[in-house]
Protein chains: 2
Amino acid sequence: MSVLPSGALGDLDPTSDRAVFRQIADQLREAIGRGRFREGEKLPSEAELVEHYGVSRMTVRNSFSILQGEGLVHAEHGKGVFVRPRPPVRRLASDRFARHHREQGRSAFLVEADAAGGRPAVDSLVVKEEKASPEVSARLGAVRRVLVRRRRYLLDGRPVEFAASYLPLDIARGTPIAEADPGPGGIYARLEELGHRLDHFDEEIRARMPSPDEVRTLRLAPGVPVIHLVRTAFDTDGRAVEVCDTVMAADAYVLAYQLPAT
Amino acid sequence: MSVLPSGALGDLDPTSDRAVFRQIADQLREAIGRGRFREGEKLPSEAELVEHYGVSRMTVRNSFSILQGEGLVHAEHGKGVFVRPRPPVRRLASDRFARHHREQGRSAFLVEADAAGGRPAVDSLVVKEEKASPEVSARLGAVRRVLVRRRRYLLDGRPVEFAASYLPLDIARGTPIAEADPGPGGIYARLEELGHRLDHFDEEIRARMPSPDEVRTLRLAPGVPVIHLVRTAFDTDGRAVEVCDTVMAADAYVLAYQLPAT
DNA sequence: TAGTGGTCTAGACCACATA
DNA sequence: ATGTGGTCTAGACCACTAC
């Protein structure tokens, strides 16, 4: 007699070449997909699945670890294994750096947070001068030292991205950009006041699994990749005036862009 | 006596709260980061690590599974566990749909492949009519049925992305777009010939872990996320004339965009 | 206290790769 | 034939959660 709700999960196929733990993962995945287990709902416990399938506990745990790697479920010690709810997603629109936002004294993050309806926050702000990495130096045009602004962004208390801005010293040193609070409209507004009228931004996007550091900083669940975005800001003279390196929790973002057809 | 090259890996800290298998993973990760094990190089075998650390085999395997989930290493049955080499990356430039490319009779994929220096190929092409999904219908403006073109792209024999294009039947039916080979410049060139002069494209980008289907289709290694891109093409009348849903192996791509500052 | 997942052991047999 | 990773068992003890 199974202890599980009838019909939730099937039997194993002993004639199949597919490993037992994969068959179990397949059945759980399929049950989740069918809505048999909903978001946030608890899956059967390891002990229940051991009994239901007649396998050892490690085999069941192996199945769970597959689903965890896929980002489908997450385990809570002492409570159970749950279907991972999808967090609300922030949409980054391609006009998020438009001048009319800056002129209203609003930073890009606040503009986006409003659109998402969440409560935004910034923490672990660090501003200092340091040696430029080869990547940053290449993008900024062979500068040796840069002003760095590091910060982490949170939405409703959840860390969603952290970023580092790099600016050439001859532009930023001794200006409000080097202050903890650069003032309304953020550093892009200050750059324009300093005579660097912005022309366009280049953005490069990659996706990959996070490093252990990134898992900590963003409190990432297993199976959640990061989006790595590197933006370079150019002024109307064609000079690169800032590089911003951003790592985002991929389950919290949709990036939107508009491409010309011409 | 350790069987490992001296200095490659340290000892465990029995006083640490950190689980043994995590400590082992940390040491291997750090050794890889330091270049002690290089791309493509074989790590010590499970048996060697069992001996070196004095732990059971499952503990060592647990460590490997962490690194595999991070996309750092991959196992080859009967051979060993290797540091994952980074594949060559294709850069998708923001002008990849520019008209001057189409007018040279070149499809976007070929333009990009040239830039990456790889040998491009397309397979599993399917063209048919089907019911529009709610998502596609919402983007195309409440159409019921659509023409679908599905295909997979390969570079040097490796699958790197697969895509499905959806077009309203009143636009595409009975035209070269419904043929297996739509001709030089691809379907965007045909759309323009049919009087739908293209104005711009909207692209939405997400990153996530792949489904088992996607792992199969793209032959993805463990620990490799996918980039999910949905592009909508608009003509100069403001009508959405095509939706293209693309899933890309994240380790094979960098996406580049240009944002206006105004 | 009972139930849950987290870690770890010490085996076993198998399939694949290399020589 | 040997060494490699792949799968699986049947336990053990621990830490966390809920009652």
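Letters A, B, ... mirror the listed sequences (proteins, then strands); counts begin at 1.
Here the C1' atom of nucleotide C/dC8 and the CD atom of B/Gln23 are 13 Å apart, to the nearest Å. The NE2 atom of A/His77 sits 9 Å away from the P atom of C/dG5 (whole-angstrom rounding). For B/His74 and C/dA17, the NE2 to P distance is 14 Å, given to the nearest whole Å. Atom CZ in A/Arg61 sits about 8 Å away from atom C1' in C/dT7, given to the nearest Å. In this structure, A/Glu51 places its CD atom 13 Å from P of C/dG3, rounding to the nearest Å. When the P atom of C/dC8 is taken as reference, atom CE of B/Met58 falls 11 Å away, rounded to whole Å. Atom P of nucleotide D/dA15 and atom CD of A/Glu46 are separated by 17 Å, given to the nearest angstrom. B/Gln68 places its CD atom 11 Å from the P atom of D/dG5, with the value rounded to the nearest Å.
Between B/Ser45 and D/dG3 there is no side-chain polar atom (N or O) within less than 4.0 angstrom of OP1 or OP2. Between A/Arg57 and D/dG11, a side-chain N or O to OP1/OP2 separation shorter than 4.0 Å is absent. Contact between the side-chain N/O atoms of B/Ser56 and the OP1/OP2 oxygens of C/dC8 is not found at any separation under 4.0 Å. Phosphate proximity of C/dT9 to B/Thr59: present, with a side-chain N or O under 4.0 Å from OP1 or OP2. At C/dG5, none of the side-chain N or O atoms of A/Lys79 fall inside 4.0 Å of OP1 or OP2 (strictly under the cut-off). Between B/Arg22 and C/dT7, a side-chain N or O to OP1/OP2 separation shorter than 4.0 Å is present.
Taking the charged nitrogens against the carboxylate oxygens, B/Arg34 and B/Glu30 do have a contact shorter than 4.0 Å, which makes a salt bridge. A salt bridge links A/Arg206 and A/Glu204; the closest N-O separation between the charged side-chain nitrogens and carboxylate oxygens is under 4.0 Å. Between A/Glu41 and A/Arg84 there is no salt bridge, since none of the side-chain N atoms of the basic residue sits less than 4.0 Å from a carboxylate O of the acidic one.
Within the nucleic acid shown, A/Phe64 has no heavy atom closer than 4.0 Å to any nucleic acid atom.
Of the two residues contacting DNA chain D, namely B/Gly80 and A/Ala19, the nearest-nucleotide position lying further toward the 5' end is that of B/Gly80.
The two residues B/Arg139 and B/Thr232 have their closest heavy-atom pair at CD-OG1, 3.5 Å.
Taking only side-chain atoms of A/Phe21, from C-beta outward, the nucleotide of D/dT4, D/dT7, D/dG5 with the closest atom is D/dT7.
Taking the six-membered ring for Trp and thresholds of 30 and 60 degrees, A/Tyr257 and B/Tyr257 have nearly parallel ring planes, at less than 30 degrees apart.
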